[in-house]
Colleague: 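My questions will all concern the structure given below.
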Amino acid sequence: MIKKAITVVIVLLIIHFILKFLHGLDLFKHVYNHTPGPCRIVPGQGIGYEDMETLPNGLTLITSGLVIPTTSPTVCEYRKKHNGKGRIYLFDFNKPEKGIEELTIVGDQFNQSDFGPHGISLYKWKDQDKVTVMVVNHGSTGDTIEKFLFIAKDKQLKHVHTYRDPSIHFVNDVAMDSENSFYFTNSAYSRNQLLSVLEISIPLAYANLIYYDGRAYHKQYDGFVLINGLILSHDQKYLYTGETIPQRFHTFTRQKNGTLSRYQEFNAKTALDNPTLDKDGNVLVGSHPILWQLMAHLDNPETPASSQVIKLHMKDGVVTKMTEVFSDNGHTLYGSSVASLYKDAMLVGTVYHKLMYCEVRYID
Ligand SMILES: *[C@@H]1O[C@H](CO)[C@@H](O)[C@H](O)[C@H]1NC(C)=O
Ligand SMILES: *[C@@H]1O[C@H](CO)[C@@H](O)[C@H](O)[C@H]1NC(C)=O
C-alpha cells in the first residue's frame, strides 16, 4: 500500500517537472505581429546588435559581434561566414537616415581581435560633456569589463581600463552608477555548453548580481537561474533587472553606498533580455516571447525566433502596468534583445540578427 502510494507520488512529481519544463519553454504560446509605426531594417554588416544605450542627445552606442562562452560550433561558423567580429556602433536618432557607423577603438592595452562585446553601460559626467562607457567582454582568457571614454567628435572610444576579477566570471551586463563603480550580472556559472544547458534545465540557481564600489567587489544577491540585463533609474534610487528564466522582472532599492535591497518582483511571462529607460523613467525591455525558439536560435542563428519589446510603466520603482510596444513572429526580426526609445523613434537590437528602426506613431 505504502509502496503504491510512493510510486504514485513519484510519478506525479515527474509529470509535474515535465509539464513545468514544457510550460517554461513557452511551447503552447503564439505570437502575433504589430509595430508602433513604420519599421525598417538598418543596413549594416554586424551580426547581432545585442545591447545598446542612448544618451540624452540621441547618440546611441550599440554592441555587436557577441560570442558567449557557451557558443555552439554552428555559431562560430556563422560568425566566420559573416566576417563577424566585436564592434561598437554609433547611431544618431537625429539623423536616422545615416544609419550606423563603427566607432574606432584606440588604446595599446586593448586587443581588438579578442573582443566579444555583450552588455553596455553609458555614464554621462555631471555638468560635463564627458561620457564613460563600459562594455562586457567575453575574451579568450575569460570575461572582463572594459572601460572607455567616448570621444563623439572623432567617433572614437579611447580604452581606459580593464576590470578583471574572479567575480567577473560569466558576465551578461553592466550598469555604472559613477565613472568607477558599477553593478553587473553573472548570468550563469558553467562556461561549458552542455553543462550550461543542464544548469538552466534542472534548474540550478548559480547566477548573481555584484557591485564594485571602486575598491572591492560585493555580492548583492544570488540564487538566480538566468539573470540578464540591468539598468539604474534616472535618479539612481532603483536598479532594474530581468530574468530570462524564470521570466521575472526585479526592482531593487539602492542606498548611497551602493547596497541593494529587494523591492518588487514582477512576473512578466516573457523571457527578459536587456532593459533601457525612456525619458519618463519607464522601462523598455527587449524580450523573447517563446523561449524554445530562442534556444534553437542561440544554437543556430539561421533559425528564426520571435521578437518582442515590452514597456513596464514605473511609479516609484514599482511596475504599475505592462504593455507591448512591438511584436514579430520571427519572420522579420529574429531574437530581439534590446530596444531604445528616443522622441518619436525606436531602435530594436537582436542577439545574432539585424537592427530595426521604427517610427513611433503611437505608444501606450
Ligand atoms: C589578441 O587576440 C588574439 C585572438 O585571441 C590572439 O591570437 C593574439 O595573440 C592577441 N594579441 C596580443 C598582443 O595579445
Ligand atoms: C551601506 O549602508 C548600510 C546602511 O545605510 C549598511 O547597512 C551597509 O553595511 C553599508 N554597506 C557597505 C558595503 O558599506
Side-chain angles (χ1 to χ4, degrees), residues 45-48 50 63-88 102-118 123 134-148 156-171 174-186 191-193 208-223 230 232-233 235-241 250-264 316-317 352:
Q45 57 171 339
I47 48 167
E50 210 271 342
T63 60
S64 174
L66 172 70
V67 258
I68 33 184
T70 51
T71 292
S72 74
T74 322
V75 176
C76 296
E77 276 163 35
Y78 173 84
R79 192 175 147 93
K80 236 184 231 153
K81 195 171 109 189
H82 291 88
N83 187 29
K85 62 174 196 139
R87 298 176 172 103
I88 309 290
E102 187 179 343
L103 292 175
T104 311
I105 299 177
V106 292
D108 300 338
Q109 301 303 310
F110 185 68
N111 183 354
Q112 267 188 69
S113 49
D114 195 18
F115 189 28
H118 201 158
Y123 180 80
M134 283 194 191
V135 180
V136 172
N137 180 18
H138 303 294
S140 59
T141 56
D143 285 9
T144 53
I145 292 171
E146 305 292 344
K147 175 154 108 175
F148 306 91
Q156 259 184 12
L157 285 174
K158 201 170 140 209
H159 187 251
V160 180
H161 187 69
T162 298
Y163 295 91
R164 204 185 284 277
D165 188 77
S167 67
I168 299 178
H169 175 70
F170 189 162
V171 187
V174 56
M176 267 182 278
D177 64 348
S178 83
E179 72 284 353
N180 190 37
S181 55
F182 51 89
Y183 298 86
F184 59 97
T185 47
N186 281 299
R191 293 171 62 91
N192 167 291
Q193 198 194 357
N208 60 24
L209 171 55
I210 292 171
Y211 180 59
Y212 177 71
D213 64 6
R215 287 179 308 250
Y217 293 86
H218 307 275
K219 192 191 282 176
Q220 298 295 313
Y221 282 94
D222 56 10
L230 75 175
L232 284 159
S233 64
D235 59 9
Q236 297 200 346
K237 275 190 185 161
Y238 305 103
L239 181 130
Y240 307 126
T241 182
H250 295 267
T251 303
F252 297 89
T253 52
R254 179 183 164 277
Q255 283 168 25
K256 284 254 155 52
N257 65 11
T259 303
L260 299 177
S261 309
R262 272 188 191 272
Y263 194 54
Q264 193 205 18
D316 304 325
Y352 290 134

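Every heavy atom of this structure was used, including side-chain atoms; hydrogens, water molecules and symmetry mates were not. Atoms within each ligand, like the ligands themselves, are counted from 1 in listed order.
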Colleague: Give me the one residue out of Tyr221, Tyr238, Tyr183, Tyr240 that meets ring-ring contact (aromatic ring centres under 6.0 Å, His included) with Phe252.
Modeller: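 By the ring-ring contact (aromatic ring centres under 6.0 Å, His included) criterion, Phe252 pairs with just one of Tyr221, Tyr238, Tyr183, Tyr240: Tyr221.
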Colleague: Output the list of atoms in ligand 1 that are nearer than 4.0 Å to some heavy atom of Ser140, sorted by atom number.
Modeller: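 Listed by number with element, the hits are 5 (O).
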Colleague: With side chain to side chain contact (heavy atoms under 4.5 Å, CB included) as the criterion, how do Asn83 and Lys80 come out once you've worked through the C-alpha distance, each side chain's angles and the decisive distance to 0.1 Å?
Modeller: CA-CA 5 Å; Asn83 187 29; Lys80 236 184 231 153; over 6 Å; no
Colleague: Out of Thr141, Asn111, Asp108, whose heavy atom sits nearest atom 3 (C) of ligand 1?
Modeller: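 Looking at heavy atoms only, the winner is Asn111.
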Colleague: Considering only heavy atoms of Ser113, which atoms of ligand 1 have at least one such atom less than 4.0 Å away?
Modeller: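 In order of numbering, the contacting atoms are 1 (C), 2 (O), 3 (C), 4 (C).
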Colleague: Please list, in number order, the atoms of ligand 2 under 4.0 Å from a heavy atom of Thr259.
Modeller: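 Reading through ligand 2 atom by atom, the close ones are 1 (C), 10 (C), 11 (N).
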Colleague: Are the side chains of Phe184 and Leu209 in contact, using a 4.5 Å heavy-atom criterion?
Modeller: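 With C-beta onward as the side chain, the pair stays apart.
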Colleague: Using the rule side-chain contact (heavy atoms from CB on, under 4.5 Å), only one of Tyr212, Tyr123, Tyr211 pairs with Asp177; which is it?
Modeller: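 For Asp177, the side-chain contact (heavy atoms from CB on, under 4.5 Å) test succeeds with only one of Tyr212, Tyr123, Tyr211, which is Tyr211.
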Colleague: Quick one: do Asp143 and Arg191 make a salt bridge, cutoff under 4.0 Å?
Modeller: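 Yes, Asp143 and Arg191 are salt-bridged.
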Colleague: Strictly less than 4.0 Å: does any protein heavy-atom distance to atom 7 (O) of ligand 1 fall in that range?
Modeller: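 Within 4.0 Å of atom 7 (O) of ligand 1, no protein heavy atoms are found.
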Colleague: For atom 5 (O) of ligand 2, what is the closest protein heavy atom, and at what distance to 0.1 Å?
Modeller: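 Nearest neighbour among protein heavy atoms for atom 5 (O) of ligand 2, to 0.1 Å: Gln255 OE1, 3.1 Å.
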Colleague: Would you call the rings of His161 and Tyr163 parallel, tilted or perpendicular if under 30° counts as parallel and over 60° as perpendicular?
Modeller: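 Ring orientation, 0 to 90° scale: perpendicular.
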Colleague: Among all protein heavy atoms, pick out the one at the shortest distance from atom 10 (C) of ligand 2; state its residue, atom name and that distance to 0.1 Å.
Modeller: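 For atom 10 (C) of ligand 2, the nearest protein heavy atom comes out as Asn257 ND2, 2.5 Å.
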